[in-house]
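To keep things clear, I will list the structure first and then write my remarks on it.
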Amino acid sequence: EQSLKIGVSANFTEPLKQLVDTYNEKFEPDIDVKLSVAATGVLYQQVRHGAPFDMVFAADIKRPQLIEEEGLALENSRFTYATGQLALWSTTRDQVALDDLTPYQGRIAIAAPHLAPYGKASKEALLSLDLWRKFHDKVITGNNISQTYQQTRTGAVDFGIISYSQFLLSDTGSGVLIDSQLHEPIEQQMLILKSTLNEDLARKFQQFILSDSSQELIISMGYADTRKTGHEQQ
Amino acid sequence: MSSSDEWLALYTTIKLAGLTTLILLLLGTPLAWYMSKIQSRYKVFLEAIVALPLVLPPTVLGFYLLVIFSPTSTPGKWWLDTTGYSLAFSFTGILIGSVIYSLPFVVQPLQKAFEQLGDHVLEAGAMLSANSMDRFFTLVLPMTKASFITAASLGFAHTVGEFGVVLMIGGNIPGETRVLSIALFDHVEALNYSTAHWLAACLLIGSMVLLALIYLLNFNHERNIKYRMEP
Amino acid sequence: MSSSDEWLALYTTIKLAGLTTLILLLLGTPLAWYMSKIQSRYKVFLEAIVALPLVLPPTVLGFYLLVIFSPTSTPGKWWLDTTGYSLAFSFTGILIGSVIYSLPFVVQPLQKAFEQLGDHVLEAGAMLSANSMDRFFTLVLPMTKASFITAASLGFAHTVGEFGVVLMIGGNIPGETRVLSIALFDHVEALNYSTAHWLAACLLIGSMVLLALIYLLNFNHERNIKYRMEP
Amino acid sequence: MSTLAVSEAPQAIQRDLSVDVNLSFDSFQLSCDIRFDLNGITGILGHSGSGKTSLLRVIAGLNRDAAGTVILKQRTLQSDTQFIKPEHRKIGFVFQDARLFPHLSVAGNLEYARKRCKPNSLDANEIIQMTQIGALLKRDVVKLSAGEKQRVAIARALLAEPELLLMDEPLSNLDNRARRDMVHLLRLIHQRLNLPILYVSHNIIEIQQLADEVLVMENGRIIQVGHVHQVLNNLNERMSTEFSSPTSLTLKVKQHLVNFGLTQLDFMAPSHNQVKLFAPLMNQPLGQQLRCYILADDLSISLNKPEASSIINCLPGRISQLHRLSRNGMLIKVQVMEHTFAINTSRYAVELLRLSHGTEVFIQFQADAIRCY
Amino acid sequence: MSTLAVSEAPQAIQRDLSVDVNLSFDSFQLSCDIRFDLNGITGILGHSGSGKTSLLRVIAGLNRDAAGTVILKQRTLQSDTQFIKPEHRKIGFVFQDARLFPHLSVAGNLEYARKRCKPNSLDANEIIQMTQIGALLKRDVVKLSAGEKQRVAIARALLAEPELLLMDEPLSNLDNRARRDMVHLLRLIHQRLNLPILYVSHNIIEIQQLADEVLVMENGRIIQVGHVHQVLNNLNERMSTEFSSPTSLTLKVKQHLVNFGLTQLDFMAPSHNQVKLFAPLMNQPLGQQLRCYILADDLSISLNKPEASSIINCLPGRISQLHRLSRNGMLIKVQVMEHTFAINTSRYAVELLRLSHGTEVFIQFQADAIRCY
Ligand SMILES: Nc1ncnc2c1ncn2[C@@H]1O[C@H](COP(=O)(O)OP(=O)(O)OP(=O)(O)O)[C@@H](O)[C@H]1O
Ligand SMILES: Nc1ncnc2c1ncn2[C@@H]1O[C@H](COP(=O)(O)OP(=O)(O)OP(=O)(O)O)[C@@H](O)[C@H]1O
Ligand code: MOO
Ligand SMILES: [Mg+2]
Ligand SMILES: [Mg+2]
């Protein structure tokens, strides 16, 4: 049995697990994938300091780029594997529409714009909707999109901007997709670390992720169709 | 992030840690006293409960607290109706969170100190007509001063360093719930290492000076008086 | 995430918390003893330094520890050369991190207990030819048993609940550095709320039972003997 | 026991202090039912472990487990339905161990008592001077010697000016001189404040010098109660071989022989004035009445009036009782006018001198055998 | 002080215990330079706060601040260059407060001492029985009465079988009976183990009964040293009004008068055997030599041989010294053959009987005035 250690950013954990299962259905021999879940920022720090991962699935472009610049990644291993989408979500309302935000006077939860790509996109979307001026001092920021999800889920805040993928996975609340034209695309990239001892397997797995069938699975889980937006590769 | 942001965060931190410590001393002292006196087996459970906040990871604890604080829950709704503002994402909210999270660090040292004190000296106080309040303030308090300082400094430091709970239930609102530890974490995440190092150094040195001052006070006191425990 | 993963995490957690507590007792006891005895002003700084790990947010502390543990730093390289494996992302690494992070919770209660003990009874021991080791094990230890239990349970609980440091320097590697608090956090992050609730409840109840057992032991002991402090 | 107490309660109220309590420890049972007047210093004698400290603690209210009734000066301190807290009992306690407040200086300890005592009728400086702790005022109490601690504890208890003072072997760490000074101080305080004292001591001399009433405890019970002479003269055999019994007299100051360091005393009845009694010179006005004690060990008997002896006091009397104390010890009571003197002697002397009931004898004693308050 | 000690060191080594130390507290200075033999029980007298406890602590090594030299049986315990830790000094200490181990039972406390003592030549059961703590063995020490604690502390110290035992007012919480039993026990132990004891007490009777050598302390200094009779007979005026002085004799058991509860004693020199001396009956073999004391207060003088008196002992002698003790007190030394008796009397008696140097007198005392070990 072959194994891969993958550092994955929290938001992609569930899709990646499903992808591994699909892989193991399709190919022989089975691979054993060990997932280390952490926020992208944490993953980056860990990689810099010698984390024993074979691959990293980040939630942005910036950190993978930095890893590559620091010479820790294999050549030609950095690919965009998914493009995130946003959802406006509430657990206190039965129906949610973007227009609800216009009369809304309360707080809104987003991921921290300067830390998380989803946060940056959320801010851009609010700017496009001309709502940022109203909300800029009322936003509740979580360190990452998961925290935003949790803060919204408890009902402590009426609206939160989370990832569309989270919205699809969640079992409560109601939400609405935010048009991805309202913000810069949220590209999520993966790469293979130079220190890997399983380069062949990692490459094979990477090819599998980028395959059409996998991409369709990813899209079905709430990510944008990257082939349409033309951001498949940087 | 501007430096005025940091000053604001510093202010919030000191306010939060200071108030938390104060509240913990006010709540924790009678609780510790009570726990040091009870003789039933029920004490064991009380002790375990006080220690529990430690066992949950801060963000998880924060999540459950947020559930309780949310206006959709009964306590959260009651608070909103009573005060007009939501407990979640307010300074009061992170204050309550910090108090719960740091409770064991204040209660346990005090409880042990009260237990070790015994009642010989207190009996002597009673025979000089000092009632229980009087005895507490004029005998117990000065004799356990060192443990109060330990308790307060553990509680204070722990609140300064805590950010999991605060971030979750506070939402990182500048001037309200954004504390220094969150700011520091932000800088690390945002790869502003020089700022992060600088802030971490300031935090460490500031805390060190503060702690040293506290202990110095205590030290001068202890040099003169050395209590002894006897059978 | 399968349930066998959870068992593995539970095992790692107990191993980590148990070893951390053990090491803390082994290291913290002489340190606390030393600190309770020194009379110079230097004591103040030592006390402040011991309390410092509290002041930094766990992830930030974890970050700095990671920097130190990394094979690119001198200590990390030395470790790698000596032992053949990297300190970062190893069980040893998170063990060291936990020990540093929980140090004050063990040292401070012990130090206070030693200080309150005084030396009357120890002098009596010396006059019966008990040397300092002997006195420590046969007099100090049994007489401060309650404080040892407080110290150990604070240290244990704090390690169980800690995940910022462990996540940062451990990398969440199943069977090696993935502990229950991280697993719990993962479930919350991965939106598996029912699993998360269940795990949190288990953690709480398990810890409660454990703590209650410890305190019960201590309680039975204390019921019989009530030490008293006297001038 | 407690039903008995209830039925007797109305009678109990007549006396100043009534204690009817039961208290059980694992291997010890305190069981007291006693009422007595508190118009002086009441001594409590008893062997180690006989329950003296436990009794004081119950009276002070420091032992809540004690079942029963305690009534002090018509005030019910404790009954089946009531329990007045120790701090409201207005009772002072000098503990066997000093129990000073370690965080306060000597002066701080005294002030602590002073502040919580309303009328402040005693002069603190006087007490400080008499307990000889003036030089210690600024000192830390943890650095005092054992005797110094004990004196500070006594001063502190006195400055609280309680309505009843319980003293548990308060002078055990003091030397004779300090002990004498303290006894003097206690007597003075007692007179000045009319402060009743319950005084536990192993030292029969202290009890003799201080106490009016005496209780004797054994195994958690009070086995004897009464006026000091009565009790000490009637200590049962075992007790009297351990303590020695005194004769008690009230005498009047007649004359001071300053040059010789003697004071001549008279019996109270004018008819006996032909008998001369000499005690060590004392600072008392002429005519002053004194309560004096003579220990049975300090007296001797002869058949003839001894002459040219350095023994200064010699009284004629008649043997009224011969009491075999132990195998070889005899206690002889000699009637000198209406006074009874107790004399310890040996069976050998009794046989040698053929002493028997009615024998006319002379009793002799040195000046300093007469011990006064 | 310490330079002096160094120059005298070779001489110091000749004696068993040599202590030359200086120790300063804020308001107290201990300053001792003394050497003496440790072949018995050495009493230490002194007022409260005179430094008795401090001296014992220095000898035990419990006060590291003390500068100077301590040499015990040729072993340097402490000098400018050396400091043997208290646990290696093989010295036992009975503290003024008992200092029992609160987490152990009474038996546990005794065992603690027993385990750390190698040869175990004493029978633990005997010690337990003699200190009367057999019934307490399973008890928690924190629940003991003060006297019970003290007895346990003594038993514990004895069971450690040290080479030197320091006792700091070990009997202060005991009643006369228990005190007597303890004195008996200590003497026995001392004989059996040849265990030298330094014994601090306020109680002159205890010192008389126990001590061979006596030190008197005042203000941190040793103001008198010597054999117990010598010291007690020469206590300076202030001391002797507080303590009373004894005469010491060595006597031999001649005969037991069991029926009368008396034992007849002889002087050691055969020539004096015409003089009869009676003491209370004692359990000693015939011919046994005894060290006896008679307190100066227990003796009286007459010019004629008194007859028909209950005073049983009467010795002819000649006054060798008249010593004015205080304003009115006289100490008279009477030479009876080669023995000197000290008698306390008043100036009045001296003038009345016209006593002066060389006067032939009889000294009288009761049987129980003869106090033996
Ligand atoms: N808290 C307690 N628990 C169990 N037994 C106790 C407790 N307190 C006292 N005793 C026992 O009760 C008995 C009486 O104790 P108490 O202290 O009253 O004696 P005492 O007469 O004051 O003796 P001493 O003269 O030695 O001080 C003792 O045998 C003692 O061991
Ligand atoms: N650690 C200390 N610091 C300052 N002064 C002290 C210290 N220990 C003792 N003293 C002082 O030294 C003096 C001698 O004390 P010590 O205990 O030796 O007296 P003592 O002769 O044993 O008296 P007692 O008979 O009352 O026990 C006292 O005045 C005491 O207050
Ligand atoms: O990397 Mo995340 O998805 O912001 O936790
Ligand atoms: Mg007592
Ligand atoms: Mg002393």
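Basis for what follows: all heavy atoms, side chains included, without hydrogens, waters or symmetry-related copies. In the text below, chain A, chain B and the rest are named by the order of the sequence lines, each starting its count at 1.
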Interatomic distance, CG@D:Leu257 vs CD@E:Glu351, rounded to 0.5 Å, equals 11.0 Å
Turns out that what part of D:Gln96 lies under 4.5 Å from chain E's heavy atoms comes down to side chain
d(D:Leu174 CG, E:His47 NE2) to nearest 0.5 Å is 11.5 Å
Checklist entry - Yes or no on side-chain contact (heavy atoms from CB on, under 4.5 Å) for D:Lys143 and E:Asp26, after CA distance, side-chain angles and deciding distance? => result CA-CA 10 Å; D:Lys143 290 181 183 164; E:Asp26 312 336; 4.2 Å; yes
Counting heavy-atom pairs under 4.5 Å with chain E, the top scorer among D:Arg354, D:Gln150, D:Arg139 is D:Arg139
So, the part of E:Gln364 with a heavy atom under 4.5 Å from chain D: the answer is side chain
Applying a strict 4.5 Å limit to non-hydrogen atoms, the region of D:Leu353 in contact with chain E is side chain
CG of E:Leu144 to CZ of D:Phe28, rounded to nearest 0.5 Å, is 12.5 Å
To the nearest 0.5 Å, atom CD1 of D:Ile312 lies from atom OG of E:Ser300 at 11.5 Å
Other residues, nucleotides and ligands only: do more than 12 of their heavy atoms fall within 6.0 Å of CG on E:Asn304? yes
Residue from D:Phe362, D:Phe278, D:Phe25 scoring the most non-hydrogen pairs under 4.5 Å with chain E is D:Phe278
Bottom line for E:Glu148: the part with an atom under 4.5 Å from chain D's heavy atoms is both
Cut-off 4.5 Å, heavy atoms of chain E, and the answer for D:Ala367 is neither
Greatest number of non-hydrogen atom pairs under 4.5 angstrom with chain E, of D:Asp168, D:Leu136, D:Leu303, D:Ile301, falls to D:Ile301
Applying a strict 4.5 Å limit to non-hydrogen atoms, the region of D:Ser48 in contact with chain E is both
In terms of heavy-atom pairs under 4.5 Å with chain E, the winner among D:Ile332, D:Asn173, D:Val350, D:Leu355 is D:Asn173
